[in-house]
Amino acid sequence: MHIEKYSRFMRLIQLAHRGEAQEFLKVLELKADAKVSGIYSNNKYVLVISGEGIPETISKLSYCISKFEVDEILNFGIAGSLNTNVSTDSIIEIRTIYLFEDGKPKFKSFTTSSASTIDCITTNKRVLSDEYANELNNFAQVVDRELWGVGFVAKTFNLPFKSYKLISDIAGSTTKCFDLKE
């Protein structure tokens, strides 16, 4: 007897902070995962609130992909502009993600399925000085703390992914991280 298995494919939505996820949780009527905090789902979507940072993002996304039949990853979040070509209060789509870690670039990048021309560099520390922002501007127009981890997981599991960022501020000495979180 042959039993055909039907999979229900789902979109995985990743955000770093609960505040960014509030509207998704309400509109999509998602239910909390019984085992891992920050993971919610229904029959079409899985939403992951990863927390800040690459390790947290990789860990939670990998758990979700092992548990659910994911067919695409969507990243939404906040990023800082590294130059005047990317305006604050705009929402942009990201093309390629680079990594800057421990004071130097890492030469492993990931490209989304977008036709955008805007690149993002993920860093493991907050950009609180103009010197650091200028150094990162050599690689990309915007900066965040998680997107490289999303790209890593997407590549590992051979999944397409896209990223949309709200540009909150100009990264550097004027950044007020806790004001942005609110």
Side-chain angles (χ1 to χ4, degrees), residues 11-17 19-21 24 47-62 64-65 70-177 179-181:
R11 284 190 164 157
L12 190 154
I13 300 169
Q14 183 273 335
L15 304 114
H17 301 286
E20 296 170 332
F24 288 98
L47 184 135
V48 176
I49 303 170
S50 64
E52 276 188 33
I54 295 168
E56 295 82 355
T57 301
I58 290 173
S59 173
K60 284 197 174 173
L61 290 182
S62 296
C64 286
I65 290 169
V70 173
D71 65 343
E72 179 181 34
I73 301 173
L74 301 171
N75 162 264
F76 296 97
I78 294 173
S81 175
L82 292 169
N83 64 50
T84 56
N85 294 333
V86 179
S87 303
T88 58
D89 297 324
S90 63
I91 296 175
I92 52 119
E93 192 170 1
I94 301 296
R95 174 182 60 184
T96 301
I97 303 91
Y98 303 99
L99 176 63
F100 196 89
E101 190 173 51
D102 302 323
K104 58 187 171 195
K106 306 293 182 182
F107 292 100
K108 184 170 184 84
S109 61
F110 302 103
T111 301
T112 68
S113 55
S114 168
S116 173
T117 60
I118 306 292
D119 296 335
C120 179
I121 189 157
T122 297
T123 182
N124 61 338
K125 67 178 191 173
R126 295 179 192 266
V127 182
L128 301 175
S129 76
D130 294 334
E131 294 79 19
Y132 190 38
N134 288 334
E135 187 174 12
L136 296 175
N137 186 34
N138 291 312
F139 303 97
Q141 299 98 319
V142 300
V143 61
D144 86 335
R145 305 265 325 273
E146 298 79 34
L147 186 52
W148 191 88
V150 175
F152 181 87
V153 170
K155 176 74 172 174
T156 299
F157 291 96
N158 197 30
L159 292 169
F161 75 108
K162 289 186 177 181
S163 176
Y164 302 88
K165 298 291 187 181
L166 169 63
I167 306 304
S168 60
D169 64 329
I170 303 296
S173 61
T174 60
T175 300
K176 305 237 184 304
C177 295
D179 290 346
L180 295 175
K181 187 175 177 184

Visitor: Hey, what do you get for CZ (F110) to OH (Y98), rounding to the nearest 0.5 Å?
Guide: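 Answer for the CZ-OH pair, F110 versus Y98, is 12.0 Å.
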Visitor: Rounded to the nearest 0.5 Å, what separation is found between the OH atom of Y164 and the CD1 atom of I92?
Guide: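 The CD1 atom of I92 is 11.0 Å from OH of Y164, to the nearest 0.5 Å.
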Visitor: Between A171 and V127, which heavy-atom pair has the shortest distance, and what is it?
Guide: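 Minimum heavy-atom separation between A171 and V127: CB-CG1, 3.8 Å.
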Visitor: Could you check if a side-chain atom of L12 sits within less than 4.5 angstrom of a side-chain atom of L61, using non-hydrogen atoms only?
Guide: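 The answer is yes, as the side chains (C-beta and beyond) meet within the 4.5 Å cut-off.
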Visitor: Going by heavy atoms in the side chains, are Q14 and F161 under 4.5 Å from each other?
Guide: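 Sidechains of F161 and Q14: no contact.
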Visitor: Tell me whether T112 contacts the main-chain N or O of S163 through its side chain, where contact means a donor paired with an acceptor under 3.5 Å.
Guide: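 No.
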Visitor: Decide if the gap between the ring center of F76 and the ring center of F24 is smaller than 6.0 angstrom.
Guide: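 Under 6.0 Å, so yes.
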Visitor: Find the distance between CG (L99) and CG (N124) and round it off to the nearest 0.5 Å.
Guide: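 Output value for this atom pair is 7.5 Å.
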Visitor: Starting from the C-alpha separation in whole Å, work towards a yes-or-no answer on side chain to side chain contact (heavy atoms under 4.5 Å, CB included) for I58 and T156.
Guide: CA-CA 10 Å; I58 290 173; T156 299; over 6 Å; no
Visitor: If we ignore hydrogens and angles and just use 3.5 Å, is the side chain of S59 paired with the main-chain N or O of P55 as donor and acceptor?
Guide: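 Judged by distance alone, no pair lies under 3.5 Å.
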Visitor: Quick check on K155: does its NZ atom have over 12 non-hydrogen neighbours (other residues, nucleotides or ligands) under 6.0 Å away?
Guide: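 Count not over threshold, so no.
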Visitor: So which heavy atom on A133 is nearest to which on G172, and how close?
Guide: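 Scanning both residues, the minimum pair turns out to be CB-CA, 4.2 Å.
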Visitor: Of all heavy-atom pairs between C64 and V48, which one has the smallest distance, and what is that distance?
Guide: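 That would be SG-CG2, 3.4 Å.
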Visitor: Search all heavy atoms of I49 against all heavy atoms of K60 and return the closest pair with its distance.
Guide: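 For I49 and K60, the tightest heavy-atom pair comes out as O-NZ, 3.2 Å.
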Visitor: Should D71 and R11 be marked as a side chain to side chain contact (heavy atoms under 4.5 Å, CB included) after you check the CA-CA gap, both sets of side-chain angles, and the distance that decides it?
Guide: CA-CA 6 Å; D71 65 343; R11 284 190 164 157; 4.1 Å; yes
Visitor: Which distance, rounded to the nearest 0.5 Å, do you find between the CD1 of I94 and the OG1 of T111?
Guide: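 So the CD1 of I94 and the OG1 of T111 are separated by 11.5 Å.
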Visitor: Give me the atom names and distance for the closest heavy-atom approach of I65 to V153.
Guide: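 Where I65 meets V153 most closely, the heavy atoms are CD1-CG1, 3.4 Å.
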Visitor: Rounded to the nearest 0.5 Å, how far apart are CD1 of I167 and CG of D89?
Guide: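 I167 atom CD1 to D89 atom CG measures 10.0 Å (nearest 0.5 Å).
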Visitor: Quick one: does any side-chain atom of K162 pair with a main-chain N or O of S113 as donor and acceptor, under 3.5 Å?
Guide: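 Pair absent, no side-chain N/O of K162 close to backbone of S113.
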Visitor: Within the 4.5 Å heavy-atom criterion, are L147 and T57 side-chain neighbours or not?
Guide: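 Answer no - side chains too far apart.
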Visitor: Indicate yes or no for a side-chain donor-acceptor contact from T123 to the backbone of F100 under 3.5 Å, with no hydrogens or angles considered.
Guide: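 Yes, the answer is positive, given that a donor and an acceptor are paired below the 3.5 Å cut-off.
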Visitor: Mind checking the CD-CD1 spacing from E93 to I118? Nearest 0.5 Å is all I need.
Guide: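 These two atoms lie 10.5 Å from each other.
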Visitor: With sequence neighbours excluded, give me every side chain to side chain donor-acceptor pair (under 3.5 Å) pair touching residues 136-149.
Guide: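 As it turns out, the side chain to side chain donor-acceptor pair (under 3.5 Å) pairs with a partner in residues 136-149, which skip direct neighbours, are E52-R145, N83-N137, T122-D144, D144-K165.
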Visitor: Looking only at atom types and distance, does a side-chain atom of D130 sit under 3.5 Å from a main-chain N or O of S173, one as donor and one as acceptor?
Guide: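 Yes, D130 side chain to S173 backbone: donor-acceptor pair under 3.5 Å.
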Visitor: If you compare all heavy atoms of A79 against all heavy atoms of V142, which two are closest, and at what distance to 0.1 Å?
Guide: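 Closest approach of A79 to V142: CB-CB, 4.4 Å.
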